[in-house]
Amino acid sequence: MRTVHQSTTFVVTRFKRSSISSTLASSPLSPLSTEEGSALSVPTVRGECLLKYQLRPRREWQRDSIITCNPEEFIAEALELPNFQESVQEYRKSAQDIPAPAEKRSNYPEIIFLGTGSAIPMKIRNVSSTLVNISPEKSLLLDCGEGTFGQLCRHYGEQVDQILGNLVAVFVSHLHADHHTGLLNILLQRERALASLGKPFLPLLVVAPTQLRPWLHQYHNQCQEVLHHISMIPAKCLSQGAKVSDPVVERLIRSLLKTCDLEEFQTCLVRHCKHAFGCALVHTSGWKVVYSGDTMPCEALVQMGKDATLLIHEATLEDGLEEEAIEKTHSTTSQAIGVGMRMNAEFIMLNHFSQRYAKIPLFSPDFNEKVGIAFDHMKVCFGDFPTVPKLIPPLKALFAGDIEEMEERRERRELRLVRAALLSQEQAGSPEVREPQQKRAHMDGPQSPQSKKVKAQ
Ligand SMILES: [Zn+2]
Ligand SMILES: [Zn+2]
């Protein structure tokens, strides 16, 4: 994903000095074209995934590796899967039967999941970022992992500048790369979008741990000037009972609340790395959206999020991997659901899945009519709450093969644990052999070959 943008940027800035969005928006019929109005008469080539240029023996563009997608083929393939068509029919019927209550039918806020995977970007799930469109004119981002701008382009196409122009604030939960490294590109693209829309440039409000500052300063001093893009509100200044002595920060907080029509923007420390925050947004119309960032089950989040309309909670790992979840300071699906239930949240959307569950996470018996799972580019409004959980049976039919594979892996892991426990019981009388046995059981332990490669952050 990144390669595409980089190569596109390179071609455009080097030869044409035009904007990225114009290249993304324009879709030349011929991939090799000399665009009119070019200042230099140099041919420009639109970048594509897996496009290659050969230098020897003959200079030429090679396109044989470029992948073409045919959505109709995918749909035909899905329709042939056992039970898929039936479960889609059932979903449609049940979705018609439960109209959303009138007061929830408003189209705003819209929650758009731009990145729902953990740690590293993969083709199915990008890293953390969620767009909250508070109204048609005001938006904010909850986290901003690498590639967030690319995801916005994919989601909005030619309308991406509009969204960047609407963007009022970004909340950065903590300083892990899957949550903040997309910020720089958002800042630069937003400046360009505002100029092309003819809107005045105002710095973006960024609510983040203060540790983001040295990172920004370093980038500013050594790479590119970015500091003028940001007005920073330290996340701790929004925690309950915090005293804000700096009048500048106080003014920024007032501006954040006023511009977004928020009654409250609260943060709390969560149980992840040092300086990791969750947040709760309370709108003047009464709705409350709570975002966990990365965390183990956290009582402070439960208290801050009491009676939330929507909780967006990380669910990095499957049930049964509680030890790994503690080691990596994340939550399992059931733990995340438990937090939402204790919070009395009206609805819970799970995200930030380990990339070992890129297609689909493993479901547990805790999933209920208040729980949905997020996918990249999924849009959820409050009126969708009754229907989102009903998507689970069609999803189970669609990904039956993958679920079976993951369940087999879980069964093998559980068997290994039982065997290891039995062995250690047997050897309880001979402590000198017990230790190496336990060690081996742990090494063979719960991780799949894939999970060894993809470590959740
Ligand atoms: Zn993360
Ligand atoms: Zn993290």
Side-chain angles (χ1 to χ4, degrees), residues 1-2 111-132 141-151 170-186 206-212 214-216 235-236 267-279 290-298 300-301 311-318 321-333 335-337 339-340 348-358 361 373-376 378 447 450-457:
M1 284 180 288
R2 202 176 159 167
I111 316 292
I112 292 153
F113 294 94
L114 298 172
T116 57
S118 146
I120 52 166
M122 302 267 273
K123 64 181 176 185
I124 298 176
R125 293 184 189 269
N126 198 52
V127 285
S128 284
S129 187
T130 305
L131 180 74
V132 182
L141 276 171
L142 302 175
D143 276 326
C144 196
E146 179 73 59
T148 297
F149 172 66
Q151 291 294 78
V170 177
F171 169 71
V172 174
S173 63
H174 64 295
L175 296 192
H176 278 162
D178 56 331
H179 294 259
H180 76 289
T181 46
L183 181 61
L184 297 166
N185 205 23
I186 288 289
V206 175
V207 179
T210 41
Q211 290 69 20
L212 185 73
W215 181 76
L216 285 168
K236 63 181 179 197
T267 62
C268 73
L269 278 170
V270 290
R271 300 168 68 207
H272 187 54
C273 58
K274 242 184 168 186
H275 316 296
F277 290 86
C279 71
V290 180
Y291 173 58
S292 72
D294 286 4
T295 184
M296 297 196 273
C298 174
L301 188 78
L311 165 68
I312 302 164
H313 202 289
E314 73 122 295
T316 312
L317 294 159
E318 66 184 87
L321 293 183
E322 286 75 14
E323 271 184 38
E324 191 181 334
I326 292 172
E327 206 179 288
K328 292 173 175 166
T329 56
H330 283 301
S331 297
T332 63
T333 47
Q335 287 173 341
I337 295 169
V339 168
I348 307 157
M349 284 299 292
L350 303 179
N351 73 348
H352 196 271
F353 301 108
S354 162
Q355 296 289 10
R356 73 189 84 165
Y357 318 111
I373 53 168
F375 290 87
D376 285 20
M378 184 176 185
Q447 288 192 340
Q450 196 186 357
S451 69
K452 275 178 197 155
K453 274 186 257 159
V454 183
K455 293 252 185 203
Q457 268 194 18

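Remember, predicted model here, so these are calculated numbers, not experimental data. Counting starts at 1 for both ligands and their atoms, following the listed order.
Aromatic ring centres of His176 and His272: separated by under 6.0 Å.
Between Ile120 and Asp178, the closest side-chain pair of non-hydrogen atoms is not below 4.5 Å.
Within His176, ND1 is the N, O or S atom that lies nearest to the Zn ion (ligand 2).
In this structure, OD2 of Asp294 and OD2 of Asp178 enclose an angle of 160° at the Zn ion (ligand 1), rounded to 10°. Here the angle centred on the Zn ion (ligand 1), running from NE2 of His179 over to NE2 of His352, is 100°, rounded to 10°.
Residues that satisfy the side-chain hydrogen bond (donor to acceptor under 3.5 Å, both in side chains) test with Thr116, not counting sequence neighbours, are Arg125, Asp376.
Residue His272 counts as close to the Zn ion (ligand 2), with an N, O or S atom under 2.8 Å.
One side chain, Asp143 or Ser173, offers a donor N or O that lies under 3.5 Å from an acceptor on the other.
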